[in-house]
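Lettering of chains follows the sequences in order, A, B, ..., and the numbering in each one begins at 1.
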Number of protein chains: 2
Amino acid sequence: MANSYTTDRSDDEIRSNTDAPEVVVHRLPLYVRVLAQLDVTGAEMVSSEQLGTQLQMTPAQIRKDLSYFGRFGKQGRGYNVKRLSQELRSILGLNRQWNAGLVGVGRLGRAIIAYPGFRPEGFHMVAAFDEDPSVVGSSVGGIDVRPIAQIKETVAELGIHIGIVAVPAPNAQSVCDALVESGIKAILNYAPVAPQVPLEVKVRGVDPVLALQSMTYFLKS
Amino acid sequence: MANSYTTDRSDDEIRSNTDAPEVVVHRLPLYVRVLAQLDVTGAEMVSSEQLGTQLQMTPAQIRKDLSYFGRFGKQGRGYNVKRLSQELRSILGLNRQWNAGLVGVGRLGRAIIAYPGFRPEGFHMVAAFDEDPSVVGSSVGGIDVRPIAQIKETVAELGIHIGIVAVPAPNAQSVCDALVESGIKAILNYAPVAPQVPLEVKVRGVDPVLALQSMTYFLKS
DNA sequence: GTTTGTGAAGGATTTCACAGCA
DNA sequence: TGCTGTGAAATCCTTCACAAAC
């Protein structure tokens, strides 16, 4: 199974983490992000109090979150910025390259290919797929566009771990089905739908319209 | 509690909603989205069971969520798709136009201006701002680009409700400060930072990298 | 003096389960 | 019969508060 450094307990530096709540896992990348910023400014140590101020959350929550994974701080001093950053990156699996395949090379898909934020974080776009024969075979941002029918073989061939869906809403479900069928276990979904996938497949949505639509509730004074 | 005596106004069709949890508000746009899809397919009625299947959540949660705002269903029949959609849109304040101002007209900002998903949902981009003098004064996607120093007067002049931040990380905090200073109460933040804003200002982030970075935790087998 | 790590308490959210209505 | 609406129970998550460590 998964985490199998199940030596005995109590004094482990890194603790078995099968029981870290999912909300906590979602916050870890936030911590990684501010730690990187702190590191750039030259800070050596940081307290949960300072992190809490930066992130607008309580120091207790930060300490509790970190405590699910290990004991990374020193009483009276706080956390070593570089060390904590490195530990969290290791926990999240960020110390390696992850290959992503993009489905949908329209306007949105091209913007995603051009987005410079993925590669420095280790996410490499290694393939692109589209159903439009006039796009298939061309190269977009240095990536060859293949037909959607070749998803399965390409995922195997190139070792793709993550599917990125940028097709129109009506096509999103069948694209997700194809990705799941090819063995993909993580999907980043830009389409404005909630695709149905097996329990073991993680889907995270990126939808600015949803974000706006919940803020208007509070604006509506 | 009080279900025996009808001492006070517990029979309102639309109930006072000051106490709806924020997580519930965040889910309402999801309901609106599937209801719109159901409506297109011609469905008249829908049960919480069916909605739950679509959204991969429990029927009980959907019923409970809706119950914070009113009693929209009919026992034995479910919810009228058009009616429920309309009620939720009204609760969220989606039956009107909201004006947005974009800060940062670089690659990302241009993609946001070109994104066709906002306008059909009532979100109108009415202004754009940048600090680069070679961009200020030009027109991008039909929107005139103004200097950042003019945010405050433009927000007042054009009635801007929402700020959209698409500047590089190091500039995001000062841009958010300027938006807050101009009276903006809702910010959609594309920059990879957690800006600090007063409690009464809502910020929602759009960051595909954060989404990927939490999924790798689960991939990391 | 400072700040962590963590049981325990408190609060929030989800699920259960069923009365009541169509 | 089928399904909602909702108190109550169960679960999940956050905050408290303090002993221990530096």
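- Residue Ser48(B) places its side chain closer to dT4(D) than to any other of dT4(D), dG7(C), dA8(D).
- Met57(B) places its CE atom 12 Å from the C1' atom of dT13(C), with the value rounded to the nearest Å.
- Nucleic acid contact class of Arg63(A) (heavy atoms, under 4.0 Å, all strands): base.
- The distance between atom CG of Asp65(A) and atom C1' of dT6(C), rounded to the nearest whole Å, is 13 Å.
- In this structure, the nucleotide among dT4(D), dA8(C), dG5(D) sitting nearest to the side chain of Gln75(B) is dT4(D).
- Of the possible polar contacts, one joining the Gln50(B) side chain to the Ser47(B) backbone as a donor-acceptor pair under 3.5 Å is found.
- Taking each heavy atom of Met57(A) and Ile62(A) in turn, the nearest pair found is CE-CG1, 3.8 Å.
- Side-chain atoms of Tyr68(B) lie closest to dT14(C) of the nucleotides dG7(C), dT14(C), dT4(D).
- Between Arg27(B) and the phosphate of dT14(C), there is a side-chain N or O to OP1/OP2 separation shorter than 4.0 Å.
- Taking only side-chain atoms of Ala60(B), from C-beta outward, the nucleotide of dA8(D), dT15(D), dC16(C) with the closest atom is dC16(C).
- As a whole-Å value, the separation of Leu66(B) CG from dT6(D) P is 11 Å.
- Residue Thr58(B) places at least one side-chain N or O closer than 4.0 Å to OP1 or OP2 of dT15(C).
- Taking atom CD1 of Ile62(B) as the reference point, atom P of dG5(D) lies 12 Å away to the nearest angstrom.
- Of the possible polar contacts, one joining the His161(B) side chain to the Asn99(B) backbone as a donor-acceptor pair under 3.5 Å is found.
- Comparing dG7(C), dT4(D), dG5(D) by their closest approach to the side chain of Ser67(B) singles out dG5(D).
- In this structure, Arg71(A) atom CZ and dT6(C) atom C1' are separated by 11 Å, rounded to whole Å.
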Determine whether Arg89(A) and Glu121(A) satisfy the following criterion, salt bridge (Lys or Arg N to Asp or Glu O under 4.0 Å), listing intermediate values before the conclusion. CA-CA 10 Å; Arg89(A) 296 184 64 86; Glu121(A) 298 297 333; 3.8 Å; yes
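- As rounded to whole Å, 11 Å separates atom C1' of dC21(C) from atom CZ of Arg77(B).
- Contact check, Tyr79(A) against dC22(D): no side-chain N or O comes under 4.0 Å of OP1 or OP2.
- Atom CD of Gln97(A) has more than 12 neighbouring heavy atoms from other residues, nucleotides or ligands inside a 6.0 Å radius.
- Sequence order on DNA chain D of the closest nucleotides to Lys74(B) and Val23(A) puts Lys74(B) first from the 5' end.
- Rounded to whole angstrom, the span from the CG atom of Leu51(B) across to the P atom of dC3(D) amounts to 12 Å.
- In this structure, Gln61(A) reaches the dT14(D) phosphate: one of its side-chain N or O atoms is under 4.0 Å from OP1 or OP2.
- The distance between atom CG of Asp19(B) and atom P of dT13(C), rounded to the nearest whole Å, is 11 Å.
- The Pro21(B) side chain lies nearest to dT13(C) when the options are dC3(D), dT13(C), dT15(D).
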